[in-house]
Amino acid sequence: MYDYFLGGKNNLPVDRAAAEMVLKYVPEIPIGIRENREFLCRAVRFLAEQGVHQFLDIGAGLPTQHNVHQVAAEVVPEGRTVYVDNDPQVLVHARALLQDSPNVIVAAGDLRRPGEILRDPAVRAHLDFDRPIAVLLLAILHFIPDGDDPAGIVRTLRAAVAPGSFLALSHVVVDERPEAVAPVERIYQNASTPFVGRLSSEVEPFFTGLDLVEPGLVNLHEWRSDAQVIDPLLEKSKPYFLCGVGKVR
Ligand SMILES: C[S@@+](CC[C@H](N)C(=O)[O-])C[C@H]1O[C@@H](n2cnc3c(N)ncnc32)[C@H](O)[C@@H]1O
């Protein structure tokens, strides 16, 4: 569905049908997803400029244009990236596309079990946990139900990385679309991951204990962007898809 929203070709009729149903309720999704990828680029560049050379991207998705390791390499050519996902299709595509990238590995892992990701020998061999790591949770936490303790997951990841590391996350919020929550959650019940409609006030606590870098938790297009033209569907600063970057003390 994500690939379809992005205008890609790696999707099936069933994905397209479900995605079209979601678009009826939330027409701004494709814009949000494009903005999300642009946030990824700005955040990774910012983090590399802060001296972070290692990236742990969980829920990495299908490789597309401007992937984390490519954006990072523009600043730190020797940067190292681990892509983690739990979707077998994503893993197959990612491994095929990235096999010639020596500074990149692809690992199977489930964000709901962060300990397993952190203990994975391949992950530990590729990243040095005594040095800063940027943990990226982009457009994934809204697929983790409260019952799986997303706040606890974030705390586990934070506790595992060295001081000076960063957490970057983006999360759809439903403050402005209360009427869409129930139908969209219903559509995603048939998908591989459930969608969890959260409010801005429920996303803010993910940064508790981290030093949130400027401009804080804001809409994707408001994070260190110099874009002059904002899509009219994004309607001023109403929260629709928040993002932020926090530093581990
Ligand atoms: C919407 S895509 C986001 C891709 C990329 N992070 C981005 O922001 O463009 C979400 C990805 O998270 C993966 N995912 C969903 N639940 C997951 C979980 N529990 N553990 C690991 N990956 C998961 C999906 O397979 C999908 O590839």
Side-chain angles (χ1 to χ4, degrees), residues 1-3 15 36 40 43-44 47 52 54-63 67-69 80-98 104-163 165-173 185 188-198 202-210 242-249:
M1 288 166 73
Y2 187 72
D3 180 70
D15 304 320
N36 181 55
L40 175 152
V44 168
L47 292 164
V52 179
Q54 309 187 91
F55 297 84
L56 177 57
D57 183 6
I58 306 179
L62 288 171
N67 299 296
V68 169
H69 72 286
R80 296 171 83 81
T81 300
V82 174
Y83 291 117
V84 179
D85 210 284
N86 71 345
D87 182 330
Q89 293 282 351
V90 167
L91 294 169
V92 167
H93 277 277
R95 289 194 171 117
L97 285 167
L98 301 172
V104 179
I105 65 161
V106 179
D110 195 311
L111 180 59
R112 290 167 294 184
R113 295 189 296 281
E116 289 178 15
I117 298 172
L118 295 167
R119 287 191 297 274
D120 182 329
V123 173
R124 296 211 81 92
H126 197 71
L127 301 179
D128 178 354
F129 279 75
D130 292 329
R131 300 181 64 78
I133 293 175
V135 178
L136 310 179
L137 299 179
L138 304 183
I140 179 170
L141 277 175
H142 49 236
F143 297 124
I144 305 292
D146 289 343
D148 288 314
D149 189 17
I153 291 170
V154 172
R155 279 197 301 275
T156 300
L157 292 167
R158 264 170 35 189
V161 292
S165 294
F166 287 87
L167 167 73
L169 74 77
S170 61
H171 196 301
V172 168
V173 290
E185 285 186 347
Y188 272 91
Q189 271 163 15
N190 296 323
S192 52
T193 49
F195 170 74
V196 190
R198 291 200 177 92
E202 296 172 297
V203 173
E204 281 161 15
F206 291 132
F207 285 99
T208 303
L210 293 172
L242 297 182
C243 65
V245 173
K247 187 171 187 179
V248 177
R249 291 172 193 157

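These figures come from a predicted structure and were not determined experimentally.
- Taking the side chain as every heavy atom from C-beta outward, V248 and V135 never approach each other to under 4.5 Å.
- The distance from the CD1 atom of I117 to the CD1 atom of I153 is 8.5 Å, given to the nearest 0.5 Å.
- Contact record, P132 with S165: CA-OG, 3.3 Å, taken as the closest heavy-atom pair.
- To the nearest 0.5 Å, atom CG of residue N86 and atom CD1 of residue I58 are 11.0 Å apart.
- Heavy-atom minimum distance, R124 versus L118: NH1-O, 2.6 Å.
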Derivation and outcome, side-chain contact (heavy atoms from CB on, under 4.5 Å), residues V90 and Y2: CA-CA 12 Å; V90 167; Y2 187 72; over 6 Å; no

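- Across V172, V203, V196, V154, a single residue satisfies side chain to side chain contact (heavy atoms under 4.5 Å, CB included) together with L141, and that is V154.
- For E185, the CD atom counts as densely surrounded, since its 6.0 Å shell holds more than 12 non-hydrogen atoms of other residues, nucleotides or ligands.
- For the atom pair CZ of F143 and CG of L137, the computed distance is 13.0 Å after rounding to the nearest 0.5 Å.
- To the nearest 0.5 angstrom, L242 atom CG is 9.0 Å from L169 atom CG.
- Taken from NE2 in H126 to CG in D120, the straight-line distance is 11.5 Å, to the nearest 0.5 Å.
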I'd like to know whether L47 forms a side-chain contact (heavy atoms from CB on, under 4.5 Å) with L136, so could you lay out the CA-CA distance, the side-chain angles of the two residues, the decisive distance to 0.1 Å, and finally the verdict. CA-CA 11 Å; L47 292 164; L136 310 179; 4.1 Å; yes

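- The minimum heavy-atom distance between D148 and R112, with the atom names listed, is OD2-CD, 3.2 Å.
- Considering every non-hydrogen atom in both H69 and L98, the closest pair reads CE1-CD2, 3.4 Å.
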For side-chain contact (heavy atoms from CB on, under 4.5 Å), just list the numbers for L111 and L157, CA-CA rounded to whole Å, side-chain angles, deciding distance to a tenth of an Å, and then say yes or no. CA-CA 10 Å; L111 180 59; L157 292 167; 3.9 Å; yes

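- Between V68 and L40 the shortest side-chain heavy-atom distance falls below 4.5 Å.
- The two residues Q54 and L127 come nearest to each other via the heavy atoms OE1-CA, 3.2 Å.
- Between I133 and V52, the closest heavy-atom pair is C-CG1, 4.0 Å.
- The list of salt bridge (Lys or Arg N to Asp or Glu O under 4.0 Å) pairs with a residue in residues 130-146, not counting sequence neighbours, reads D146-R198.
- In this structure, H171 and H142 have perpendicular ring planes: the angle between them is above 60°, well past the 30° mark.
- With sequence neighbours excluded, the residues satisfying side chain to side chain contact (heavy atoms under 4.5 Å, CB included) with A60 are D57, Y83.
- A distance of 14.0 Å separates CZ in F166 from CZ in R158, rounded to the nearest 0.5 Å.
- The shortest distance between side-chain heavy atoms of D15 and D3 does not fall below 4.5 Å.
- Residues passing the ring-ring contact (aromatic ring centres under 6.0 Å, His included) test with F207, sequence neighbours excluded: none.
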